[in-house]
*Asks:* 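Quick one: the structure is below, and I'll ask about it shortly.
In this chain, residues are counted from 1 in sequence order.
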Amino acid sequence: MDPAAATAAVPATAAVPTTPGESAKRPNIVFILTDDHAAHAISAYSGRINATPHLDRIATEGARLDSLYCTNSICTPSRASILSGTYSHVNGAATIYSGFDYRVRTFPQVLHDCGYRTALFGKWHLGEAPQNDPQGFDEWRIYHGQGEYNDPVMYGVDAHGERTEGTVPGYATDTVTDIALDFLDRSLAEHPEQPVCLLLHHKAPHRNWIPHPRHTELYPAGSIPEPDTLYDTHEGRSRAVRGVRMSVADDLLETDIKTTTPPQLLGDQNREARLRRNYQLYMRDYLQTVQAVDDSTGRVLEALERHGIAEETIVVYTSDQGFFLGDHGWYDKRLMFDESLQMPMMVRWPARIRPGAVVDQLATNVDIAATILDATGLDPQQELPQQQGRSLLPLLDGRADDDLLAAWPDAMYYRYWEHEDPSHDAPAHYGIRTTTHKLIHYYGDGMGAPGSSDALREPEWEMYDLVADPAELHNIADDPAQAQVRAQLEKRLRTLQEQLGDRPYEGPDTPRPDWG
């Protein structure tokens with residue numbers, strides 16, 4: 001089936017002009033993307049471990065999405081899906097060793113062609129070969145790979161179309177904000193007839209979590225609440241999950257926690273004490289790097305108000321995936337547990353979105369491109385014919401009627417391709433998450449995806465009842481009493497794969513996607 005066949009018809013937005021000649025009337029867009037920012041480290045979502053007042057403003061003055069999930073929880077694939085509205089098997093960027101090769105178009109390319117002045121600054125992480133460079137931008141400056149927190153090297157194209165490269169002195173979260181706001185100032189002054197689409201992509205709060213000195217007194221070690229599942233023993237989980245190397249107790253490095261582990265905390269007999277200590281040190285630095293992002297967001301919101309364009313500007317804040325903040329004793333992401341799967345997303349557009357709106361319907365990062373194009377009055381299906389998402393705008397602005405809500409999907413598809421990567425040993429798997437259950441198939445084959453291991457593993461399954469067991473502690477995949485539920489979920493999983501143009505795993509001879 002054509003992947004586009006799974007996409008629902010997107011309602012037209014007649015109130016927004018749809019021709020390039022009227023582009024100045026379209027809303028401005030500021031799209032803020034962070035790296036590995038878990039929703040439960042934003043106080044608008046949790047309020048349990050930190051305070052993020054500027055980020056919270058986007059939610060209180062706009063909408064908060066509570067059930068947005070990534071379709072492949074790792075940086076490069078999620079970024080490719082956000083930009084293009086396609087799953088990894090369609091856009092080809094399935095692992096962090098992939099490059100985005102533009103076999104599919106992106107929403108910034110569409111907006112640029114329709115009269116927007118476009119820019120991207122910060123983390124790209126979609127390959128460094130010339131064919132992977134950002135396209136569809138008037139200006140762009142990005143980091144090499146992950147970039148550095150202090151004095152990062154950035155390269156790109158300036159306002160005159162000239163290539164640039166050099167060290168940018170200072171703290172990355174602050175300096176990339178300076179660059180982005182300078183572009184905004186110049187664009188509004190020099191090109192007032194053009195709407196702006198500004199992508200501000202922070203490195204933070206990616207590993208290895210180096211805070212700015214102004215935040216080093218915040219969230220001191222010993223003061224941070226522990227997650228309920230910090231001491232999870234992973235009993236009953238698949239071998240594949242028990243084998244991942246993402247343990248806060250055992251797999252964080254000295255460069256992560258910024259200190260040497262005392263001899264009295266070494267060894268299996270001291271593991272719980274080591275876990276408790278490492279968690280506090282890890283989370284202290286993680287939360288401090290988040291605080292600089294919150295500062296940056298406050299500066300962006302202030303700039304929009306100063307220029308008098310806040311009312312007609314769409315501000316989107318999201319992260320490329322979730323992150324384990326000691327949940328299940330882990331850090332990092334990759335697995336299909338909700339802490340890794342859930343993405344934060346908040347959208348502020350005073351002209352269209354009522355303050356304090358909360359969207360509970362299931363959505364994915366594949367829906368973001370369609371949503372942005374719809375908000376600018378463009379038809380996502382026409383502009384990005386390969387995209388597989390649906391616009392979330394009717395949910396955000398309250399136009400969704402009972403029929404649309406009744407037909408809204410109650411299940412999403414996930415696939416992680418980077419089988420047994422060298423650093424974390426996370427297994428390849430796919431699965432389905434509904435509003436009540438989750439079914440995961442660890443099929444044990446890298447399928448030739450870039451950077452994946454060639455090792456073949458015995459397939460395993462996990463299933464969770466998200467109503468009875470929201471913490472996902474009890475694997476019920478082999479419970480005879482749940483056999484009928486599992487059969488129904490397996491059937492729905494195969495249906496989703498068929499709709500999206502993916503293939504179920506049927507052994508080593510299963511046809512592989514074209515990875516380029």
*Asks:* Going by distance alone, is a donor N or O of one side chain under 3.5 Å from an acceptor N or O of the other, for Thr34 and Tyr317?
*Replies:* yes
*Asks:* Check side-chain contact (heavy atoms from CB on, under 4.5 Å) between Val359 and all other residues, then give those that pass, not counting sequence neighbours.
*Replies:*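 If we apply the side-chain contact (heavy atoms from CB on, under 4.5 Å) test to Val359, skipping adjacent residues, the hits are Leu65, Gln361, Leu395, Leu396.
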*Asks:* Is Asp178 paired with Arg299 through a side-chain N to carboxylate O contact shorter than 4.0 Å?
*Replies:* yes
*Asks:* Work out which heavy atom in Gln387 is nearest to a heavy atom in Ala370; give both atom names and the distance.
*Replies:*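 Closest approach of Gln387 to Ala370: OE1-CB, 3.7 Å.
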*Asks:* For a side-chain contact (heavy atoms from CB on, under 4.5 Å) check, start with the C-alpha distance between Phe183 and Val196, then their side-chain angles and the critical distance, and finish with the verdict.
*Replies:* CA-CA 10 Å; Phe183 167 83; Val196 169; 3.7 Å; yes
*Asks:* Please check this pair: side chain of Tyr282 against backbone of Gly326, looking for a donor-acceptor N/O pair closer than 3.5 Å.
*Replies:*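 Checking the backbone N and O of Gly326 against the side chain of Tyr282, no donor-acceptor pair under 3.5 Å is found.
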*Asks:* Specify the closest pair of heavy atoms between Ser340 and Cys70, including all atoms of both residues, with the distance to one decimal.
*Replies:* O-SG, 3.9 Å
*Asks:* To the nearest 0.5 Å, tell me how far Met154 CE sits from Trp140 CH2.
*Replies:*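 Output value for this atom pair is 10.0 Å.
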*Asks:* Atom CD in Glu311, atom CG in Asn28: separation rounded to 0.5 Å?
*Replies:*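 Interatomic distance, Glu311 CD to Asn28 CG, rounded to 0.5 Å: 12.0 Å.
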*Asks:* According to ring pair (Phe, Tyr, Trp, His ring centres under 6.0 Å), who are the partners of Tyr219, at least two apart in sequence or on a separate chain?
*Replies:*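 Per chain and number, Tyr219 pairs via ring pair (Phe, Tyr, Trp, His ring centres under 6.0 Å) with no residue.
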*Asks:* Taking the side chain as every heavy atom from C-beta outward, state whether His307 and Asp185 have any pair of such atoms under 4.5 Å apart.
*Replies:*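 Of all side-chain heavy-atom pairs linking Asp185 with His307, at least one is under 4.5 Å.
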*Asks:* Between Arg26 and Cys114, what is the shortest heavy-atom contact and its length?
*Replies:* NH1-O, 3.4 Å
*Asks:* Taking atom CD of Glu148 as the centre, report whether more than 12 heavy atoms of other residues, nucleotides or ligands fall under 6.0 Å from it.
*Replies:* no
*Asks:* His429 and Leu335: which non-hydrogen atoms are nearest, and at how many Å?
*Replies:*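 Nearest heavy atoms, His429 then Leu335: NE2-CA, 3.8 Å.
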*Asks:* Rounded to the nearest 0.5 Å, what's the gap from OG1 on Thr289 to OH on Tyr171? Could you check?
*Replies:* 5.5 Å
*Asks:* Identify the residue among Asp367, Asn365, Thr364 that makes a side-chain hydrogen bond (donor to acceptor under 3.5 Å, both in side chains) with Thr71.
*Replies:*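 Answer to the side-chain hydrogen bond (donor to acceptor under 3.5 Å, both in side chains) test with Thr71 among Asp367, Asn365, Thr364: Asn365.
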*Asks:* Identify whether the distance between the nearest side-chain nitrogen and carboxylate oxygen of Arg117 and Glu190 falls below 4.0 Å.
*Replies:*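 Between Glu190 and Arg117 there is no salt bridge, as every charged N stays at least 4.0 Å from the carboxylate O atoms.
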*Asks:* Are Asp133 and Arg163 within salt-bridge range, i.e. N to O under 4.0 Å?
*Replies:*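 Yes, Asp133 and Arg163 are salt-bridged.
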*Asks:* With no hydrogens and no angle check, do the side chains of His201 and Asp35 hold a donor and an acceptor under 3.5 Å apart?
*Replies:* no
*Asks:* With a 4.0 Å cut-off, would you call Asp36 and Arg207 a salt bridge?
*Replies:* no
*Asks:* Would His112 and Asp138 count as having a side-chain donor-acceptor pair, cut-off 3.5 Å?
*Replies:*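 Asp138 and His112 do have a side-chain donor-acceptor pair below 3.5 Å.
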*Asks:* Stepwise, does the side-chain contact (heavy atoms from CB on, under 4.5 Å) test hold for Tyr430 with Gln497?
*Replies:* CA-CA 10 Å; Tyr430 56 67; Gln497 289 177 316; 3.4 Å; yes
*Asks:* Can you name the one residue among Gln342, Met345, Met412, Met346 that meets side-chain contact (heavy atoms from CB on, under 4.5 Å) with Leu68?
*Replies:*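 With Leu68 as partner, side-chain contact (heavy atoms from CB on, under 4.5 Å) holds for just one option, Met345.
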*Asks:* Can you tell me if His419 uses its side chain to pair, donor with acceptor, with the backbone of Ala428 under 3.5 Å?
*Replies:*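 Flag set: sc His419 to bb Ala428 pair under 3.5 Å.
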*Asks:* Side chains of Arg503 and Pro511: closer than 4.5 Å at any heavy-atom pair?
*Replies:* yes
*Asks:* Quick one: pull up OH in Tyr143 and NE2 in His125 and give me the separation to the nearest 0.5 Å.
*Replies:* 13.5 Å
*Asks:* Assess the side chains of Tyr87 and Asp502: does a donor N or O sit below 3.5 Å from an acceptor N or O?
*Replies:*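 Absent: no donor and acceptor within the cut-off.
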*Asks:* Are any non-hydrogen side-chain atoms of Ile29 and Thr376 less than 4.5 angstrom apart?
*Replies:* yes
*Asks:* Could you tell me whether the side chains of Thr95 and Ser98 share a donor-acceptor contact shorter than 3.5 Å?
*Replies:* yes
*Asks:* So, using salt bridge (Lys or Arg N to Asp or Glu O under 4.0 Å) as the criterion, who are the partners of Asp338 when residues are at least two apart?
*Replies:*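 Only Arg433, Lys438 meet the salt bridge (Lys or Arg N to Asp or Glu O under 4.0 Å) criterion with Asp338.
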*Asks:* Taking all heavy atoms of Ala375 and all of Leu393, pick out the closest pair and write down the distance.
*Replies:* CA-CD2, 3.7 Å
*Asks:* Return the orientation label for the Trp209 and Tyr331 ring planes: parallel under 30°, perpendicular over 60°, tilted otherwise.
*Replies:*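 Taking Tyr331 first and then Trp209, their aromatic rings stand perpendicular (interplane angle over 60°).
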*Asks:* Got a second to check how far Asp397's CG is from Leu392's CG, nearest 0.5 Å?
*Replies:* 11.0 Å
*Asks:* Where do Arg79 and Leu33 land on the side-chain contact (heavy atoms from CB on, under 4.5 Å) test, with the steps shown first?
*Replies:* CA-CA 9 Å; Arg79 290 162 186 266; Leu33 180 68; 3.6 Å; yes
*Asks:* Mind checking whether Thr177 and Phe121 have side chains closer than 4.5 Å, heavy atoms only?
*Replies:* no
*Asks:* Under a 3.5 Å distance rule, please check whether Arg64 uses its side chain to pair with a backbone N or O of Ala44 as donor and acceptor.
*Replies:*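 Pair found, side chain donor or acceptor close to backbone of Ala44.
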*Asks:* Under a 3.5 Å distance rule, please check whether Glu254 uses its side chain to pair with a backbone N or O of Lys258 as donor and acceptor.
*Replies:*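 Flag not set: sc Glu254 to bb Lys258 has no pair under 3.5 Å.
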*Asks:* Side chains of Thr255 and Asn208: any donor to acceptor distance under 3.5 Å?
*Replies:*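 On atom types as modelled, these side chains do not qualify, holding no pair under 3.5 Å.
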*Asks:* Kindly give the heavy-atom pair with the smallest separation between Val244 and Asp251, and that separation in Å.
*Replies:* O-OD2, 4.3 Å
*Asks:* May I ask you to say whether Lys333 pairs ionically with Asp320, meaning some side-chain N is under 4.0 Å from a carboxylate O?
*Replies:* no
*Asks:* Can you find a side-chain donor-acceptor pair between Thr173 and His212 that sits under 3.5 Å?
*Replies:* no
*Asks:* Keeping the roles fixed (side chain from Trp515, backbone from Ala94), state whether a donor-acceptor pair exists under 3.5 Å.
*Replies:*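 Not at all, since once roles are kept as given, no pair shorter than 3.5 Å links the two residues.
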*Asks:* Regarding Glu128 and His144, do their side chains bring together a donor and an acceptor under 3.5 Å, going by distance alone?
*Replies:*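 The criterion, which ignores hydrogens and geometry beyond distance, is satisfied for His144 and Glu128.
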*Asks:* Could you measure the distance from the CD atom of Gln135 to the CZ atom of Phe100? Nearest 0.5 Å is fine.
*Replies:*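 So the CD of Gln135 and the CZ of Phe100 are separated by 8.5 Å.
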